[in-house]
Amino acid sequence: MPYRRPPAVEDRLAAAREHLVEQATSVVAEAGWANASVTAVAAAAGMSVGSVYQHFPSKQALAVEVFRRASGHEVEVLGEVLREGSGDPVERLALGVGVFARRAMERRGLAHALLAAPAEPAVGRERLEFRRRYRAVFAEIVREGVDTGVLPRQDPEITAAALTGAIGEVLVDPLATPAEGPEAGRLVDELVAMSLRCAGATRGTAPTAQTAQTAPIVPTTPIAPEDSR
């Protein structure tokens, strides 16, 4: 009969793995993928290098898990705002872009790592997959806008691809050399306005940065916020 770990042991291992991923995410946000060595992550997590390898077979496997967790959370937040936020599709598109941009500006190191920082090839492949997920949620809201008549006829998939690429491109440099105070707010407002133009919205429904700041979003705790470093 094969050996099965007792439930208490499984629980301890699961908790240790979660702690390890959280600390690895913080190291990536602070130092980038290149400097998030197994040794650095182990030190941050308060465990030995050997213990890290008990949970992940390689640095690459750990990096992929960090990316999937953090990016998956942001896709979920954006998707919920676009689907369940207040207002019509144009208003929800504006709100979703504003919330996404503001979250990125608040967690600049992690956002830059997820969007653009040099990473292992496996993380690069994950980026491509998550871009497809972002395109899917943008295509859904654009399609709804076309169907309800608040956006002009267009190919939602093409518009969604344009939005995904443009939003990331606009944010890359500010995340690397971040704007502060009013300049950050202006960036968010301009990004929202650009997104509405891309989708063909003809009325001014873009929220201000303050609106995006106070909008209700998914009631879950973001993975390893940077203020916990």
Side-chain angles (χ1 to χ4, degrees), residues 1-80 99-134 168 171-178 180 184 217-229:
M1 184 175 179
Y3 170 75
R4 297 183 62 181
R5 296 189 184 102
V9 173
E10 292 287 357
D11 290 345
R12 285 198 300 272
L13 288 172
R17 180 185 172 93
E18 288 299 309
H19 175 66
L20 177 60
V21 173
E22 289 173 1
Q23 293 305 310
T25 304
S26 294
V27 173
V28 169
E30 177 74 33
W33 299 104
N35 295 315
S37 65
V38 172
T39 301
V41 171
M47 60 177 63
S48 69
V49 170
S51 295
V52 174
Y53 286 115
Q54 288 181 345
H55 297 281
F56 295 95
S58 64
K59 175 190 173 184
Q60 178 173 277
L62 177 57
V64 166
E65 182 66 12
V66 167
F67 186 92
R68 285 176 178 169
R69 296 275 193 99
S71 289
H73 183 78
E74 296 308 315
V75 172
E76 289 173 4
V77 169
L78 177 62
E80 184 156 339
V99 168
F100 178 84
R102 184 174 177 276
R103 287 171 65 84
M105 296 297 286
E106 288 179 340
R107 303 163 182 82
R108 295 180 179 108
L110 182 57
H112 188 260
L114 298 178
L115 287 172
E120 304 211 4
V123 172
R125 290 191 290 272
E126 289 295 319
R127 276 197 184 122
L128 291 177
E129 179 57 35
F130 273 89
R131 284 176 186 166
R132 296 185 185 101
R133 291 181 60 182
Y134 280 114
L171 288 173
V172 166
D173 283 348
L175 291 174
T177 54
E180 300 289 348
I217 57 175
V218 178
T220 54
T221 303
I223 299 173
E226 293 191 28
D227 59 5
S228 66
R229 293 184 220 157

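In this structure, the side chain of Arg107 does not engage the main chain of Ala104 through any donor-acceptor pair within 3.5 Å.
Closest approach of Ala44 to Gln23, counting heavy atoms only: O-OE1, 3.4 Å. Across all non-hydrogen atoms, the minimal contact from Leu175 to Met105 is CD2-SD, 4.1 Å. Shown here for Ala45 and Leu20, the closest heavy-atom pair between the two residues is CB-CD1, 4.1 Å.
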Inset, instruction - Evaluate the side-chain contact (heavy atoms from CB on, under 4.5 Å) criterion for residues His19 and His55: first the C-alpha distance (whole Å), next the side-chain angles of each, then the deciding distance (0.1 Å), finally the verdict. - result: CA-CA 11 Å; His19 175 66; His55 297 281; over 6 Å; no
Inset, instruction - Before giving the answer on side-chain contact (heavy atoms from CB on, under 4.5 Å), spell out for Val66 and Trp33 the whole-Å C-alpha distance, their side-chain angles and the decisive distance to 0.1 Å. - result: CA-CA 10 Å; Val66 167; Trp33 299 104; 4.0 Å; yes
Legend entry - Check against side-chain contact (heavy atoms from CB on, under 4.5 Å), Val99 and Arg103: CA-CA 6 Å; Val99 168; Arg103 287 171 65 84; 3.8 Å; yes
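For residues 38-54, every residue pair satisfying the side-chain hydrogen bond (donor to acceptor under 3.5 Å, both in side chains) rule, not counting sequence neighbours, is listed here: Ser48-Ser51. Sorted by first and then second residue, the side-chain hydrogen bond (donor to acceptor under 3.5 Å, both in side chains) pairs with a member in residues 119-130 read Arg68-Glu126, Glu129-Arg132; sequence neighbours excluded.
Ring-plane geometry between Tyr134 and Phe100 is classed as perpendicular, the angle between the planes exceeding 60 degrees on a 0 to 90 degree scale with a lower cut at 30.
Looking at heavy atoms from C-beta onward, Glu65 lies in side-chain contact with Arg17 at the 4.5 angstrom threshold.
Atom CG of Leu114 sits about 12.0 Å away from atom CG of Leu171, to the nearest 0.5 Å. Between the OG atom of Ser71 and the CG atom of Leu110 there is a distance of 8.0 Å, given to the nearest 0.5 Å.
Of the candidates Val28, Val27, Val21, Thr25 forms a side-chain contact (heavy atoms from CB on, under 4.5 Å) with just one, namely Val21.
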